[in-house]
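The figures that follow rest on heavy atoms only: side chains count, while hydrogens, waters and symmetry mates do not. Quick caveat: nothing in here was measured; it's all calculated off a predicted structure.
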Amino acid sequence: MITKRVEKVLQQNYGRKELDKGRVMIEVVKRFDAWETTNDLPPGVEEHAAKLFRTLNAMFGLEQKAAKRRSAPKRSTAAEGSA
């Protein structure tokens with residue numbers, strides 16, 4: 001795991017006891033929070049994320065369920081009927 005290697009370098013070269021993972025996560029979240037649209041993402045991330053979610057949905061059988069929901073006739077609600 002990369003954190004173990006980073007900790008080893010910090011200990012050997014900088015006299016640190018361990019990697020402060022909380023501090024690292026704060027910086028990661030700051031960068032994530034700066035992204036407002038998919039155009040802000042690094043190149044390739046949007047395509048990789050879409051592929052990941054397609055794979056996960058297929059694994060859990062959600063793709064077929066979503067397709068059925070999209071093709072099913074829309075039901076009206078009471079609010080729509082009175083408008």
Side-chain angles (χ1 to χ4, degrees):
M1 192 176 246
I2 194 166
T3 56
K4 297 293 181 196
R5 291 186 277 172
V6 170
E7 281 184 337
K8 186 180 260 187
V9 170
L10 289 172
Q11 290 168 348
Q12 292 173 347
N13 298 346
Y14 301 99
R16 293 283 187 117
K17 220 161 81 168
E18 63 185 5
L19 173 65
D20 185 352
K21 296 175 188 96
R23 191 169 169 187
V24 172
M25 283 307 302
I26 288 170
E27 293 303 318
V28 169
V29 169
K30 278 183 193 176
R31 188 170 290 189
F32 287 174
D33 285 347
W35 299 335
E36 294 184 12
T37 69
T38 56
N39 294 331
D40 298 332
L41 297 172
V45 170
E46 185 177 6
E47 295 81 18
H48 284 94
K51 181 179 177 184
L52 171 66
F53 281 100
R54 278 194 304 273
T55 301
L56 290 171
N57 286 339
M59 288 174 61
F60 291 104
L62 298 176
E63 198 61 39
Q64 295 83 11
K65 291 177 186 175
K68 285 180 186 175
R69 281 195 304 268
R70 285 190 296 265
S71 64
K74 210 174 180 188
R75 290 187 251 163
S76 64
T77 63
E80 289 174 351
S82 64

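Here M59 pairs with T55, L56 under the side-chain contact (heavy atoms from CB on, under 4.5 Å) rule; sequence neighbours left out. By the salt bridge (charged side-chain N to carboxylate O under 4.0 Å, His left out) test, K30 is found to be paired with E27, residues two or more places apart in sequence or in another chain being considered. The salt bridge (charged side-chain N to carboxylate O under 4.0 Å, His left out) check on E7 picks up K21, with sequence neighbours excluded.
Listed by first and then second residue, the ring-ring contact (aromatic ring centres under 6.0 Å, His included) pairs that reach into residues 17-46 are F32-W35, sequence neighbours excluded.
By the 6.0 Å contact criterion, CD1 on I2 is open, its count of non-hydrogen atoms from other residues, nucleotides or ligands being 12 or less.
Tracing side-chain contacts under 4.5 Å through hydrophobic residues (I, L, V, M, F, W, Y), one never reaches I26 starting from L19; they form parts of separate clusters. Cluster membership for V29 and V24, using ILVMFWY side-chain heavy atoms within less than 4.5 angstrom, is not shared.
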Per-pair distances, 0.1 Å, donor-acceptor, side chain in residues 37-45, under 3.5 Å, sequence neighbours excluded:
residue	atom	partner	partner atom	Å
T37	OG1	N39	N	3.2
D40	OD2	E36	N	2.7
D40	OD2	T37	N	3.1

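Looking at Q11, its side chain never comes within 3.5 Å of a backbone N or O of R16 through a donor-acceptor pair.
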